[in-house]
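To find a chain, count down the sequence lines: A is the first, B the second, and so on, and within it residues start at 1.
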Amino acid sequence: MPEIRSAAKIEHLERLIDFVAGHAEMAGFGVNRINEIELAAEEVLVNIFQYAYPGTDGDVVIDCRIEDHVRLILEIWDNGEPFNILDVPDPDVTADISDREIGGLGVFFVKEMVDEARYRRTGNSNILTLVFNNQQSRGRQC
Amino acid sequence: MKITNTGKQKDCLLITVEGRMDAVTTPEFEQTLGGWIDEGEIRFIVDFAGLDYISSAGLRGILTSVKRLKAMGGRIVLTALRGTVKEVFEISGFSTIIPIYESVEAALQEM
């Protein structure tokens with residue numbers, strides 16, 4: 001399974017996103033679907049960069065595989081404190097401009113873009129599995 | 001990401017943003033826009049026709065600027081969103097809190 005490992009730092013975002021996008025492209029995903037996959041991956045990664053390793057350094061690992069030429073599966077690993085990003089409550093996307101908060105919006109995008117998302121804690125690792133079909137049926141799947 | 005000042009019309013600064021607004025590039029958007037605000041500009045038409053990608057970090061940068069300008073009696077309107085950028089604005093509800101027009105010309109008529 002193709003894998004990329006990196007220090008969990010914002011300066012590596014582009015390299016990690018390029019890795020994911022490259023596999024989606026090789027699998028024949030369309031430009032818009034690749035952008036959606038990049039969006040979900042960025043939101044998860046930025047969350048790890050910001051919160052997984054408070055006061056210390058750590059790594060992030062992405063495993064990427066293609067199933068049946070129509071499904072991209074990402075497994076994103078970190079060794080931070082146990083944290084299930086999927087538990088973050090949805091933001092109020094109808095709030096007026098003065099009440100608008102961005103917190104939670106990134107996770108909301110992840111949930112909107114995936115066809116399936118699963119979290120598990122194994123040993124010292126948080127492992128988030130994101131499944132993207134080539135053609136997403138719009139609407140929440142998780 | 002590339003930000004270009006393409007001139008001034010009807011007291012609005014016209015700006016194009018091309019490429020990607022993500023967690024890495026958005027601070028540059030905020031700084032550049034902030035610089036123009038410091039110079040006294042408070043009305044902006046931001047053309048996203050060349051914007052390929054935006055994440056929540058990009059939305060945060062826009063919201064910060066919109067709120068700052070609102071407090072000064074200014075405003076930002078956006079034009080020509082497409083593809084995933086348009087989708088992100090729609091599902092986040094941002095398309096209902098920030099004025100969006102089909103084109104710069106359409107925006108200018110309303111300013």
Chain B contact via [X] - which portion, at a heavy-atom distance below 4.5 Å:
X	answer
Leu13(A)	side chain
Glu38(A)	both
Ile17(A)	side chain

Sidechain-backbone polar pair: Lys111(A) side chain, Leu86(A) backbone, donor-acceptor under 3.5 Å:
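Yes; judged by distance alone, with no hydrogens or angles, the pair exists.
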Any idea which of Thr96(B), Leu59(B), Ile98(B) has the most non-hydrogen atom pairs under 4.5 angstrom with chain A?
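Result: the option with the highest number of such pairs is Leu59(B).
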For [X] and [Y], which I'm curious about, is there any donor-acceptor pair between the side chains at under 3.5 Å?
X	Y	result
Asn134(A)	Arg71(A)	no
Asp47(B)	Thr16(B)	no
Asn79(A)	Asn124(A)	no

Between Arg82(B) and Asp52(B), is there a side-chain N and carboxylate O pair less than 4.0 Å apart?
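A salt bridge links Arg82(B) with Asp52(B).
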Using 4.0 Å as the upper bound for N to carboxylate O, is an ion pair formed by Glu41(B) and Arg43(B)?
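Salt bridge: no.
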Which residue is it: Leu33(B), Val104(B), Thr4(B)? I am looking for the one with a side chain to side chain contact (heavy atoms under 4.5 Å, CB included) to Ile15(B).
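Result for side chain to side chain contact (heavy atoms under 4.5 Å, CB included) with Ile15(B): Leu33(B).
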Any residues in residues 61-80 of chain B near chain A, with a heavy-atom distance under 4.5 Å, and which are they?
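The residues closer than 4.5 Å to chain A, in numerical order, are Leu63(B), Val66(B), Lys67(B), Lys70(B).
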Spatial distance of atom CH2 (Trp36(B)) from atom CG (Leu13(B)) [nearest 0.5 Å]
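Result: 6.0 Å between the selected atoms.
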